[in-house]
Amino acid sequence: MGNIRFDIIIDYLPLFIKGTLLTLGFTIAGISLGLILGLGIGLGKMSNKSFIRIPFVWYINFFRGTPFLVQILLMHFAIVPLFMSPANPIVSAIIALALNSAAYISEIFRAGIQSIDRGQTEAARSLGMTHTQAMRHVILPQAIKRMIPPLGNEFITLLKETSLAAIIAAPELMYWGRVAGSQYMRVWEPYIFVSLIYLVLTLSLTYLMDKIERRLKTE
Amino acid sequence: MGNIRFDIIIDYLPLFIKGTLLTLGFTIAGISLGLILGLGIGLGKMSNKSFIRIPFVWYINFFRGTPFLVQILLMHFAIVPLFMSPANPIVSAIIALALNSAAYISEIFRAGIQSIDRGQTEAARSLGMTHTQAMRHVILPQAIKRMIPPLGNEFITLLKETSLAAIIAAPELMYWGRVAGSQYMRVWEPYIFVSLIYLVLTLSLTYLMDKIERRLKTE
Amino acid sequence: MISVKHLKKSFGNNEVLKDISLEVKPQEVLVVIGPSGSGKSTLIRCLNLLESVSGGQVVVTGKDLTDKKTDINEIRKNVGMVFQHFNLFPHKTILQNITLAPINVKGVSKEEAEKKAKELLAKVGLSDKADAYPDSLSGGQKQRVAIARALAMEPKIMLFDEPTSALDPEMVGEVLEVMKQLAREGMTMVVVTHEMGFAREVGDRVIFMDNGYIVEENVPNELFSNPQHERTKSFLSKVL
Amino acid sequence: MISVKHLKKSFGNNEVLKDISLEVKPQEVLVVIGPSGSGKSTLIRCLNLLESVSGGQVVVTGKDLTDKKTDINEIRKNVGMVFQHFNLFPHKTILQNITLAPINVKGVSKEEAEKKAKELLAKVGLSDKADAYPDSLSGGQKQRVAIARALAMEPKIMLFDEPTSALDPEMVGEVLEVMKQLAREGMTMVVVTHEMGFAREVGDRVIFMDNGYIVEENVPNELFSNPQHERTKSFLSKVL
Amino acid sequence: ACGTAQKDNNKNGSNGNEKKVLHVGTEATFPPFEFVDKGELTGFDVELLNALGEEAGYKIDMKNTGWDSMLAGLDSKDLDIGMSGITIKKDRLKSYDFSDPYYESEGFLILFKDNVEIKNAEDLKNLKVGVQNGTTGAEAAESVVGQNSKNISKYESSGLMFQALLSGSVDAAVTDKPVAEEYIKQNPDSNIKSVEDKERFKPEYYGIAFQKGSPYKEDFDKALSTLIENGKYTEIYKKWFDEEPKLDSLKDAKTYIDSLREEK
Ligand SMILES: Nc1ncnc2c1ncn2[C@@H]1O[C@H](COP(=O)(O)OP(=O)(O)OP(=O)(O)O)[C@@H](O)[C@H]1O
Ligand SMILES: Nc1ncnc2c1ncn2[C@@H]1O[C@H](COP(=O)(O)OP(=O)(O)OP(=O)(O)O)[C@@H](O)[C@H]1O
Ligand SMILES: [Mg+2]
Ligand SMILES: [Mg+2]
């Protein structure tokens with residue numbers, strides 16, 4: 001690896017910090033929108049009418065079955081330009097992250113809901129609640145607790161996926177890592193530093209999720 | 001997107017096919033080695049001696065907490081050259097994939113083992129079996145069944161992750177997509193074609209896993 | 001109150017209820033006994049449409065459940081159900097468990113629902129547990145809360161599906177006591193149970209089910225001391 | 001056979017067993033009763049070290065379990081255990097359930113283990129189920145297999161922890177019948193149960209536990225008809 | 001894209017400045033042609049394009065979009081120009097129009113560590129060679145080793161290519177002379193040797209990419225010849241490459257490129 005050139009990191013520090021903030025922004029926006037969309041998609045996929053279910057099944061197949069790299073390119077060059085010109089890479093990245101994470105989150109929702117004992121629905125329904133009331137007051141509040149651990153994992157995955165937004169030149173953390181690397185034609189210093197930042201971010205996130213999980217458990 | 005130029009795809013078809021085979025090879029090698037390593041790491045992380053547990057915890061933290069892109073670079077440019085010169089990108093990619101998937105698989109193992117009712121261990125132990133015998137004859141065979149669905153997901157994730165091996169010029173599917181793209185200066189044809197191949201691969205894999213799951217259930 | 005005629009119920013190819021007919025009059029307590037898998041739970045669950053009916057007719061409080069126009073939720077308000085495994089809502093306090101349906105289904109005000117809930121908790125002897133969560137209660141306490149929760153909707157009929165068989169023996173008594181009191185107050189009840197003492201003491205009629213049919217039906221003392229059918233005799237010899 | 005002296009057991013700060021002493025002689029059947037949470041399961045689990053002991057001494061078949069040098073697996077071969085929830089191995093056939101430990105722990109040959117297993121299955125009345133999987137059995141059948149599985153190790157002592165309380169009432173009899181036969185054949189047994197009829201018929205001695213102590217100990221008829229302590233009286237009044 | 005251009009027009013119009021804004025994409029991982037210096041886009045291509053724009057009467061808005069985005073941006077008409085040290089090639093002429101060549105890449109360097117011996121390009125045969133994907137260096141190396149040969153490894157950036165050389169993944173790297181010189185300048189202690197082979201490696205030419213039938217091509221071709229005439233081109237060239245440009249061969253190349261255009 002040769003000598004480490006700290007000057008590269010010092011030079012780029014302000015930009016790395018800016019990039020980290022955008023990375024965090026991407027992650028938070030992606031998961032927030034993904035949660036909303038994912039709930040809808042998850043419920044759609046649980047429908048017992050197949051003409052409702054099938055589009056959702058294919059949505060999930062597509063987003064889970066193709067590399068995120070391709071999804072983000074498609075979004076930026078084909079979809080977003082339809083309503084925004086020129087397409088802003090930050091907007092495209094957020095939409096791609098949200099749609100992608102929604103596919104995963106919908107599966108988490110579905111698993112969470114299906115993990116709740118059938119007796120809970122039956123008790124709610126036998127008290128005269130409608131399906132919607134039972135979902136809202138009885139099933140979802142319990143399902144959400146069980147979804148915290150898999151959602152935490154999805155959160156971390158998403159955080160790392162944001163790094164692919166560099167490909168459409170959204171100036172997040174990895175983008176600055178690549179830029180710094182090519183200015184000095186050095187791979188190590190920027191990549192290792194950038195990956196340390198990712199590590200700190202993911203570990204903090206893990207810690208945070210653990211805490212939330214523990215609090216929910218004792219509640 | 002303009003007109004579609006099928007000639008690009010036809011030109012590169014033999015290379016795409018070669019790339020697909022390597023992608024599949026990467027996936028299979030990664031998951032096979034990952035399974036073996038993951039079992040060890042999972043058991044290590046469940047140890048009640050903290051000096052055994054902590055290295056495994058950090059192993060998992062590192063591989064889950066940093067982008068795979070960085071892991072594969074480190075492997076190819078820093079680790080593999082220590083014992084292989086010149087470093088072969090295929091070897092580096094397989095090692096990186098195996099170590100990375102081992103981190104995820106170890107968590108799947110752990111969850112699978114812990115999901116088996118404590119009564120099973122107690123029954124085995126009270127019959128005089130040692131811890132190892134109980135694991136081998138009673139716990140693992142049951143845990144493995146429960147691990148099929150999450151392992152299927154990991155399999156698909158890994159399949160998509162192999163695309164990052166392009167960065168160290170391992171000639172898998174995505175590598176040829178990029179090479180074709182830059183020869184003709186066209187983005188769409190190679191990327192969309194390549195992502196269709198990924199989609200076919202992941203869907204076949206999903207179908208296969210579903211079948212295995214169903215067979216195990218009726219057994 | 002309840003009139004079942006030629007009720008049939010299948011799960012796939014498995015016909016679980018085969019031509020069941022019965023009547024329950026107001027204020028009557030009907031006890032259902034029978035071996036495991038005979039269809040007792042399925043029968044009782046058909047009475048509030050937790051299972052859809054495959055054939056025949058079920059009329060509850062004057063409304064035909066098999067008629068598609070019938071509003072199921074309307075009927076369920078009149079029919080309380082108590083399950084073997086309590087099915088309390090673990091994320092809500094005892095008080096919230098009891099008030100949830102009255103507030104959301106009946107539109108009762110929160111104050112009124114809580115007042116009523118506290119009366120019911122007093123009735124089942126658990127006034128001090130209003131703010132506890134289900135997990136901190138014993139099995140017997142949970143089942144008494146489940147009864148209070150069902151009563152909060154002021155049902156005309158109560159269905160019980162083996163309400164005591166998941167309980168430690170010590171706790172069976174306290175739940176049966178609450179049920180006996182309900183019966184004394186004139187509640188119409190259908191009870192699936194293995195507690196023959198309870199059947200004798202409170203039941204107006206007992207039906208013995210086997211393999212999807214009602215094999216025998218009688219007043220409790222007659223049925224227990226003088227069973228007519230072979231299957232009833234062999235069953236009673238094992239459980240008494 | 002078993003000698004327990006001043007046994008103490010805590011989970012964290014929660015002292016569950018407080019100074020328990022008892023003796024079980026060869027061929028004796030000891031029945032343990034008591035309310036939920038009194039420590040019955042914990043006590044019986046200390047006898048084959050499924051729970052580690054916090055204090056006192058436990059000697060089983062002449063070996064001190066609290067001595068670190070004692071080989072636990074050696075002792076467990078002599079002590080069979082039957083659980084409330086059967087804990088059969090769902091991925092193995094009935095025959096494999098029974099032969100697994102003899103083959104792997106004792107090193108018995110497969111043929112010999114299977115021969116022995118078939119004898120035991122005949123004994124518990126399930127010869128036709130050798131190749132079935134546990135999931136296809138009723139609760140009573142599962143528990144009889146569990147007993148056969150424990151017996152396959154040819155233990156000197158059998159421990160039962162509420163072997164019938166997860167069963168449908170119809171099936172309780174068939175399991176108790178197997179246990180009675182075992183007792184008649186002279187097996188040393190410790191049985192936690194709520195089946196007072198069984199205790200009366202087969203038990204040589206009954207101990208009543210409450211809150212981590214042995215409150216009362218006597219021959220069954222004496223203890224049931226003439227309990228000395230308040231707590232025993234109130235408990236028996238609820239469950240008899 | 002047209003919409004944006006108009007919007008920008010209006011903005012400029014209100015300033016009394018009628019210059020049209022052209023959107024340009026680049027992949028800034030190719031120093032000294034284009035790279036990012038502490039957040040600022042710079043390099044030979046960047047300066048030249050700005051000068052060309054000035055001459056032709058356009059305002060240049062250049063962004064580091066990345067290679068893929070540059071191409072897709074051209075296709076979707078979000079971008080008007082792609083400039084990223086792009087080699088003019090027959091295959092590429094099918095997809096885009098190119099300006100007249102603005103740079104002759106005749107000096108390729110073969111780089112290698114001291115454990116191998118390379119005297120000329122022929123020695124590359126049977127060695128593992130690293131190149132940067134899509135560059136003239138890649139073309140040059142492939143002309144010896146064979147297109148998409150299994151001995152060729154194509155890396156996404158020059159940094160990765162050099163790293164592969166240092167760590168021994170490849171025995172040699174082939175790249176444009178200025179890129180190699182820049183690397184040696186940046187990493188003086190890397191023990192890398194180099195060799196030139198003007199015989200074997202045919203020169204390649206860089207061009208500016210436009211959409212097919214783009215109206216701007218003609219303006220930029222005209223501006224380029226003006227800058228070459230008036231010495232501005234030479235000034236920029238010397239600043240970045242520290243030597244005199246060979247203007248004559250650049251002019252000759254025009255006919256070579258035109259012949260490529262005919263061939264398609
Ligand atoms: N949802 C279902 N899907 C398929 N089969 C079912 C379903 N519910 C019940 N059955 C089957 O219907 C039959 C009758 O079941 P049911 O629960 O009514 O019996 P039960 O008399 O209540 O028995 P138990 O005393 O064990 O509760 C059984 O064979 C059971 O397997
Ligand atoms: N593994 C454990 N960790 C912590 N506390 C435990 C554990 N096992 C049992 N306890 C506690 O020890 C006490 C006695 O439990 P034990 O299971 O021995 O009671 P029991 O008499 O068998 O009751 P039951 O009739 O309900 O089976 C209870 O308060 C229980 O909560
Ligand atoms: Mg039932
Ligand atoms: Mg117990």
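Small disclaimer: the values here were computed from a predicted structure and weren't measured.
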Proximal component of [X], with respect to chain A [non-hydrogen, under 4.5 Å]:
{"X": "B:L73", "answer": "both"}
{"X": "B:L203", "answer": "side chain"}
{"X": "B:F63", "answer": "backbone"}
{"X": "B:I197", "answer": "neither"}

Of B:S163, B:S195, B:P67, the largest count of non-hydrogen pairs under 4.5 angstrom with chain A goes to B:P67
Correct closest heavy-atom pair for B:K160 and A:T66 would be CD-O, 3.5 Å
Between B:M147 and B:G112 the two heavy atoms that sit nearest each other are CG-CA, 4.1 Å
Applying a strict 4.5 Å limit to non-hydrogen atoms, the region of A:L199 in contact with chain B is both
Worksheet entry | B:K18/B:E172 salt bridge by N-O under 4.0 Å criterion | no
- Query: Taking 4.0 angstrom as the limit, do A:K145 and A:E213 come out as a salt bridge?
  - Reply: no
Please check this pair: side chain of B:Y191 against backbone of B:G181, looking for a donor-acceptor N/O pair closer than 3.5 Å. no
